[in-house]
Amino acid sequence: MIQAEYYNIFVKIIDQLAVLDFLPPVWKFILASVIAALVFFHVIAIFALVAIWVERKVAGHIQDRLGPMETGWHGVLQTLADAIKLLIKEDIIAGGIDRRLFVLAPVIVFMTALAVFVVFPVGENFIVSDLNIGILYIVAISTLVVPGIIMAGWSSNNKWSLFGAMRSAAQIVSYEVPVGLAIVCAVMAAGSLSMQTIVESQAGGFWNWFIFSKFPFGFIAFFIYFVASLAEINRTPFDLPEAESEIVAGYMTEYSGMRWSFFFLAEYGNMLAVGAIATTLFLGGWQTPISLLSFIPGPVWFTAKTMFLVFVHIWLRWTLPRLRVDQLMYMCWKVLTPFAFVSIFGIGLWMTF
Amino acid sequence: MIGKDIIFIIFAVITVGSAALVVFSKKIIYAAFSLMLSLFGVAALFVFLNADFLAAVQVIVYVGGILVLILFGVLLTVKISSDNVISHLSQRIWGSIAAVGMFVLIFIAITRTNWTILDKSEDVVYYPQSEAIGIQLLTNYILPFEVASILLLAALIGAMFLVRPENK
Amino acid sequence: MPEIKTDDVYIELGKHPKAGFATDDMILQMGPQHPSTHGVLRIECVTDGEIIKKATCHIGYLHRCFEKHAENVMWQGVIPFTDRMDYLASMGQNFSYVITVEKLMGIEVPERAEYMRVITAELQRIASHLMAYGTYGMDIGAFTPFLWAFREREYVLDLFEKLCGARLLYNYMWIGGVSHDVYDGFAEECMSFLDTFERVVFEEFNPILTYNKIFIERTANVGILSPELAIDYGITGPCLRGSGVDWDLRRDDPYSIYDRFDFEVITGKGEMGTVGDCWDRFMVRVLEMIESVKIIRQALQQMPEGPIMNEKIKKVIRVPAGRVYGRTEAPRGELGYYLISDGKGRGPNRLKARSPCFSNLSVLEEISRGCMLADLIAIIGSLDIVLGCVDR
Amino acid sequence: MQSVNQYFLNIYIAIKSVLIGMSITFRHLFTKSVTVQYPRERLPIPGTSRNLLLNKIEDCIGCDQCVRVCPVNCITMDTIKVFPEDDLGLASDGSKKRLWLPRFDIDMAKCCYCGLCTYPCPTECLIMTDEYEYATYERNDLVFKFTDLDPIQIAELKEKDHIRSMEKEKKKLETAKQAAAKPGKNGGKSGEGT
């Protein structure tokens, strides 16, 4: 578990602090992990605050309105005000609810969103833990969200919640297939499961990014990953589990206050996460597009690319209607999966010859 | 290395404790979610053994696949409005005999194994496993690998055949 | 009578020994507080998973005793209540009531007032269909078209506000004429709105929602309402025309001055799926807005000068004894009023409103059988009901 | 082959329509918004707008037409006939005012803003203004009282009116008695009985 090979920026920082010399290395590691978790919790929280504001503003301008304008400059503090409101809101647990599971569910869902952030290569030397099986770790952690959502839906003792949970679980389990296959494309091209290695193998200009370098297979894989990841995180046009016009709010129907905002944080954390994964796998991670621009540090590029993908998520949400359940499954099994196999095959051929 | 031991003990307690919950909890849904925790604890123990690939696969297959299947089974077979999804402890005697027998077998196996190989080298050198597993699977163990995949394919086709609507 | 086999019944109930699994139905109470029942409608769904086996409508949550109340107010006092029947198409409701009373009184309405009535009724049809367009998009999951539709509807409401002072409940058409004459510049403002509106429909509304592939997949071949079934259930308006029945009261039973205008009656053609599916009903509304634009253009050009009220109308209206049924093509279908007067009272002795929404909603149970939960939402949206009109 | 073509055609149409939709929404990101920031910016209210009811009480002749036509009975009016010694002056249209108005209440919580009451008003004193921000915390505050008489005056008037009606009653009784006394005893008896 604690290996020298796991390069950890937080461990490195803690090691250099002379004040903490009395601690044994294991404790230092634990301390570093706790700090990393806190840092990422705040990254998600702050990102969610900003992203919700951006989403509202983008939605507003797309719909010929202005969005929030009152709190702070152009309403930047609006989400903060909403967050405070949610924090001080009464914590309602309705009767007939399975209390233990009800309380546990948002924690599990949020935890999975948080845990994914460990392996993102933000910069050349900026990664919490460069796991050897980084991308596999991400796939493994993201499966954990399914029991969490089922837990939320079942414990709410509400038929709409159960519908939402069922839809969500079926959707996430199904879409793991095209997501996995699209990831395999990038892994095949890089020849490694480690996130940092995948990024490094895309060095030297944007034509070496996997989205362009193995054209068109890389592009197809990226497209499949992007679409399927939208479904994995329940965003429009695949937001059936929380489709308000059909099943009220899905598995979140009975939640309110802070517990509800945990689901919300997890949703935005997931948006950030899939954006970051797509950036790492297909858009060259922290690599600069052309060497002229290499004076801009890697983390900036990584953030910019991720934010662009998040913007596309928002943009799509305010454009498209919602699919039906059977069409969702049709798209997964009969469109995305075959094309993912085609691109795996193509990249395999490409790598061989 | 007291810290490492503490972490190990925490995960061991989680694994064993939630396994016990699986057996003793009255509500089936609690048992199912405890199983998730137990499987997750096992994955953590795999990490302790430097088997990170195995840990990830454990989570993907067991938590993401089998556990979700169990949960679906529980949810779809029982009305949600009825709260009494109770499991009964029946056949205690046979069950405990089987459990004790299993424990004795494993205990004997542990005591008889020669663990000294690991003691010699104080710091175990970590090397990536996924690559080695991949190479082994596609060279030495290609036949079992393919047989397993054919088995799974057969299961898939069988499942599709079973759920197909009857011809009218 | 088709023969019913016991096995079929058992299979339908999921309890047949050969069916393998003994499944149970779930009863889902949709509404009265549900985002897409378009008001306070409760639908009791018997579902098998996501498949609807039976959807029973329970109405009456918005019942306001309008018909009984109308017996206790003066003839002109009923008009504000008709406003509140179908609150999204108040002009159409006013129109129907006033022409019924005028029929009973046997009076003529000045030319200018007739033109004003047609213009406002058609503008109201545009506003109402815009609302149908927007909320239907929202039912299907697209939020942006909803607000764009509202933006356009806002221009219509602005025109109405300048014209008669109210934005939603107008009380504009009075017995014997209209309440306000046009203000200066009404024709120009109206024309400029119509020009931009036509462009917006073809450049924004149609590409973003009507011809969106996801939208087509969600609505085509869903909730098919065959012409025979539609006629059997007394469906009227765009829902009937969506089933391919060429019937429009404006053309087939002309009232007011509709016989002077040149317009087409839009019918569903099954362009994307079967005739009479949700997409057809939706498309009929979109194209009807364009036809309304045509009618308003003609009316604005032909509008004569003159009085706007019949001079014979006193402040206290006396209506001779008799009974009469008058009907118009309201945005949601045939809206009829049946009035009985004994010639002595200051108001109607009995009023019965034949509301289009009530009849249109009645077919829901028939066409939603066997569809999915998401389709049920699509069907309700495509019927375009207003609960104020259903419950009265 | 047909279905294979259809499959690819569907994918093509789907991607194309999504891209068209996205281009339209992207264009709208940069268009001017059509909303206003309400408390600070306001849209002009047209002159015909129907909002708060206002009764210019000095012009009101108490003809009761508005009360009768109101479909929701939101106007309540009490009237007292003028006494011979009073002179209430003329209304703006020249007609003589013959009624005291101790009470003219409009319950704006009930009002349905139909404007029917303003139409029959002979002196055009009941009008709908363009004031629309009059939300209150108490429902009773929505009852607008328009009378220009103070409570003491109203009490005096009521007292006076009461006396007058009593006198009238008395007079009536007397005339009835006299009328009854003339023809015969039967009518007189019934008159005494009352």
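All chains are named by letter (A, B, ...) in the order of the sequence lines, taking the proteins before the strands, and each is independently numbered beginning at 1. Just so it is clear, the values below take in all heavy atoms, side chains as well, and ignore hydrogens, waters and symmetry mates.
Here D:Cys112 pairs with C:Pro80, C:Arg84, D:Pro71, D:Val72, D:Cys114 under the side chain to side chain contact (heavy atoms under 4.5 Å, CB included) rule; sequence neighbours left out.
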Begin with the C-alpha distance, continue with both residues' side-chain angles, and end with the deciding distance and a verdict on side-chain contact (heavy atoms from CB on, under 4.5 Å) for A:Leu328 and A:Phe238. CA-CA 7 Å; A:Leu328 183 88; A:Phe238 309 103; 3.2 Å; yes
side-chain contact (heavy atoms from CB on, under 4.5 Å) between D:Ile13 and D:Leu9, worked out: CA-CA 6 Å; D:Ile13 293 172; D:Leu9 189 69; 4.0 Å; yes
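Between A:Thr279 and A:Phe302, some side-chain heavy-atom pair lies under the 4.5 Å cut-off. Two residues are said to be in side-chain contact when any heavy atoms from C-beta on lie closer than 4.5 Å; A:Leu316 and D:Val18 meet this criterion. The closest side-chain heavy-atom distance from A:Phe47 to A:Met307 is below 4.5 Å.
In this structure, the portion of D:Ile11 lying under 4.5 Å from any heavy atom of chain A is its side chain and not its backbone. In this structure, the portions of A:Leu66 lying under 4.5 Å from any heavy atom of chain D include both its backbone and its side chain.
A centroid separation of less than 6.0 Å is found between the aromatic rings of A:Phe264 and A:Tyr268.
Heavy-atom neighbours of chain D within the stretch residues 168-177 of chain A, taken at a separation under 4.5 angstrom, are nonexistent.
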Step through the atoms of chain A and chain D and list each donor-acceptor pair whose separation is under 3.5 Å.
from     : atom 1 : to      : atom 2 : distance (Å)
A:Asp64  : O      : D:Val34 : N      : 3.0
A:Asp64  : OD1    : D:His28 : ND1    : 2.9
A:Asp64  : OD1    : D:Thr31 : OG1    : 3.0
A:Asp64  : OD2    : D:His28 : ND1    : 3.4
A:Glu70  : OE1    : D:Arg40 : NH2    : 2.6
A:Glu70  : OE2    : D:Arg40 : NH2    : 2.8
A:Trp315 : NE1    : D:Met22 : O      : 3.1
A:Trp315 : NE1    : D:Thr25 : OG1    : 3.1
A:Thr319 : OG1    : D:Thr25 : OG1    : 3.0
A:Lys334 : O      : D:Tyr7  : OH     : 2.4

Identify each donor-acceptor pair in which a side-chain atom of residues 223-233 of chain A lies under 3.5 Å from a protein atom, sequence neighbours left out, and give them as a table.
from     : atom 1 : to       : atom 2 : distance (Å)
A:Ser229 : OG     : A:Tyr225 : O      : 3.0
A:Ser229 : OG     : A:Phe226 : O      : 2.8

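Separation of atoms CG (A:Leu349) and CD1 (A:Ile344) is listed at 12.0 Å; rounding is to 0.5 Å. Note that CD1 of D:Ile24 is 11.5 Å distant from CG of D:Leu19, once rounded to the nearest 0.5 Å.
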